[in-house]
Colleague: 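Quick one: the structure is below, and I'll ask about it shortly.
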Amino acid sequence: MLPIIEIHIGDFEGFVYTYALCCGLGLSHLIIGVDHLARKMGFDHESTAQFLMALGLACCGGWVAGVLASQVVSNDLPLGTVTAMPGIITTIFLLVFAARFWRFSLLQYLDLVAPIWCFAHCWGRLGCFMAGCCFGIPTEGPWAVTFPDGSFAHAEHGTTGVHPTQLYEMGLLFVLGLALTYRVKPGWRVALYLLGYGVGRFIIEYFLTTRP
């Protein structure tokens, strides 16, 4: 748990928010991974460039939608458990709009991107864990995590251990990404991603995150 990374280079002193860093790494992983697979599978270079541009813009739009949704529900948390689905829905909507504008095959690229999206999303969940946000309800289990002073989890629960739901979802996404890559045939990946992630996220949110 390290919400802020302090940087000291000579007389320069600064800091980086770990959550923002992880989101940047996730987006970079996503774009580089999609570009690599598209080249490997012989996709048209121009269409791939257009899709990557649309993907970057759509992810930024989804992030903005998630932040706004979190602010509507709670002004206390800059990002919270309500951000995922509004962000994903907005991202998909923007991708559909971009596909109609640039006329590339969205379904073909979504099938390509689904496994990589899972791995890229893992970076975001790691960022949540490092920042101490999107945490679960208190638990006495040996897997309970006590977040340090200054984190959102500590502000609400103090030294009481809570479910590290960020790591649960990170594990879910990693396993789902492996399954989509090695076990699911092309053409079914998007549907199974939506089903697998939707069910897993619901279980985590409803049973391990919902506050009384």
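These numbers come from a predicted model, not from an experiment.
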Colleague: State whether the side chain of Thr165 and the backbone N or O of Cys134 hold a donor-acceptor pair below 3.5 Å, judged by distance alone.
Modeller: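 Pair found, side chain donor or acceptor close to backbone of Cys134.
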Colleague: Can you hop from Tyr193 to Ile92 via hydrophobic side chains spaced under 4.5 Å?
Modeller: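 Same hydrophobic cluster.
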Colleague: With ILVMFWY side chains joined below 4.5 Å, transitively, what does Leu94's cluster contain besides itself?
Modeller: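 Taking Ile, Leu, Val, Met, Phe, Trp and Tyr as members, Leu94 shares its hydrophobic cluster with Phe93.
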Colleague: Does Val96 belong to the same Ile/Leu/Val/Met/Phe/Trp/Tyr cluster as Trp102, with side-chain heavy atoms less than 4.5 Å apart forming each link?
Modeller: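 Same cluster: Val96 reaches Trp102 through Ile, Leu, Val, Met, Phe, Trp or Tyr contacts under 4.5 Å.
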Colleague: CZ of Phe174: more than 12 outside heavy atoms within 6.0 angstrom?
Modeller: no
Colleague: Applying a strict under-4.5 Å side-chain criterion to I, L, V, M, F, W and Y, I'd like to know whether Leu2 and Leu21 cluster together.
Modeller: yes
Colleague: Heavy-atom distance under 4.5 Å between the side chains of Trp188 and Asp111, does that happen here?
Modeller: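 They are not in side-chain contact.
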Colleague: Residues in side-chain contact (heavy atoms from CB on, under 4.5 Å) with Ile7, at least two apart?
Modeller: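 For Ile7, the residues satisfying side-chain contact (heavy atoms from CB on, under 4.5 Å) (neighbours in sequence not counted) are Ile9, Phe12, Val16.
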Colleague: What distance do Leu167 atom CG and Leu172 atom CG have between them, rounded to the nearest 0.5 Å?
Modeller: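 Rounded to the nearest 0.5 Å, the CG-CG separation comes out at 12.5 Å.
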Colleague: Between Ala131 and Ser151, which heavy-atom pair has the shortest distance, and what is it?
Modeller: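 Taking every non-hydrogen atom into account, O-CB, 3.8 Å.
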Colleague: Hey, could you give me the CG/SG distance between Leu126 and Cys23, rounded to the nearest 0.5 Å?
Modeller: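 Leu126 atom CG to Cys23 atom SG measures 10.0 Å (nearest 0.5 Å).
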Colleague: State, to 0.1 Å, how close Gly177 and Cys118 come at their nearest heavy-atom pair, and which atoms those are.
Modeller: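 Heavy-atom minimum between the residues: CA-CB, 3.7 Å.
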Colleague: Under 4.5 Å between any side-chain heavy atoms of His121 and Trp117, yes or no?
Modeller: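 In contact.
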Colleague: The criterion is side-chain hydrogen bond (donor to acceptor under 3.5 Å, both in side chains); which residues satisfy it with Thr18, sequence neighbours excluded?
Modeller: none
Colleague: What pairs with Tyr17 under ring-ring contact (aromatic ring centres under 6.0 Å, His included), at least two apart in sequence or on another chain?
Modeller: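 Here the qualifying residues are Phe15.
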Colleague: What's the spacing between Arg189 CZ and Thr181 OG1 if we round to 0.5 Å?
Modeller: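 It comes to 6.5 Å.
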Colleague: According to side-chain hydrogen bond (donor to acceptor under 3.5 Å, both in side chains), who are the partners of His29, at least two apart in sequence or on a separate chain?
Modeller: Trp123
Colleague: Give the minimum heavy-atom separation between Gly196 and Leu176, together with the two atoms involved.
Modeller: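 Closest heavy-atom pair between Gly196 and Leu176: C-CD2, 4.3 Å.
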Colleague: Let me check something: any side-chain donor-acceptor pairs from residues 49-58 under 3.5 Å, sequence neighbours excluded? List them with distances.
Modeller:
none

Colleague: With sequence neighbours left out, what residues match Leu112 under side-chain contact (heavy atoms from CB on, under 4.5 Å)?
Modeller: Val34, Leu37, Ala38, Met41, Phe43, Tyr109
Colleague: Could you tell me whether the side chain of Leu110 reaches within less than 4.5 Å of the side chain of Leu95, counting heavy atoms only?
Modeller: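 Yes, close enough: below the 4.5 Å cut-off.
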Colleague: Assigning hydrophobic clusters by single linkage (Ile, Leu, Val, Met, Phe, Trp, Tyr; side-chain heavy-atom cutoff under 4.5 Å), is Ile116 placed with Leu194?
Modeller: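 Same cluster.
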Colleague: Please check: side-chain N/O of Ser47 versus main-chain N/O of Asp44, any donor-acceptor pairing under 3.5 Å?
Modeller: no
Colleague: For residues Leu173 and Cys122, report the shortest heavy-atom separation together with the two atoms involved.
Modeller: CB-SG, 3.7 Å
Colleague: So do Glu169 and Tyr197 actually touch side chain to side chain, heavy atoms under 4.5 Å?
Modeller: yes
Colleague: Identify the two heavy atoms, one from Phe135 and one from Phe147, that lie closest to each other, and give their separation to 0.1 Å.
Modeller: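 Where Phe135 meets Phe147 most closely, the heavy atoms are CB-CE1, 4.3 Å.
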Colleague: Calculate, to the nearest 0.5 Å, the distance between atoms CZ and SG belonging to Arg125 and Cys22 respectively.
Modeller: 11.0 Å
Colleague: With a 4.5 Å heavy-atom cut-off, do Pro3 and Tyr19 have their side chains touching?
Modeller: no
Colleague: Apply the hydrophobic cluster definition, ILVMFWY joined by side-chain contacts under 4.5 Å directly or through others, and give me every member besides Leu107.
Modeller: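 Members besides Leu107: none; it forms no cluster.
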Colleague: Sequence neighbours excluded, which residues qualify as salt bridge (charged side-chain N to carboxylate O under 4.0 Å, His left out) partners of Asp35?
Modeller: Arg39
Colleague: Supply the atom-to-atom distance Tyr168 OH to Ile203 CD1, rounded to the nearest 0.5 angstrom.
Modeller: 13.5 Å
Colleague: Looking at Val145 and Pro164, what are the two nearest heavy atoms and their distance?
Modeller: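 That would be CG2-CB, 3.7 Å.
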Colleague: Side-chain heavy atoms nearer than 4.5 Å, only ILVMFWY residues, links allowed to pass through others: does that put Tyr182 and Val175 together?
Modeller: no
Colleague: Roughly how far apart are Thr48 OG1 and Glu46 CD, rounded to 0.5 Å?
Modeller: 10.0 Å
Colleague: Go through the structure and list residues passing side-chain contact (heavy atoms from CB on, under 4.5 Å) with Thr139, not counting sequence neighbours.
Modeller: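 Expected list: Trp143, Ala144, His163.
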Colleague: Going by side-chain contact (heavy atoms from CB on, under 4.5 Å), name the residues that satisfy it together with Glu6, two or more places apart in sequence or in a different chain.
Modeller: His8
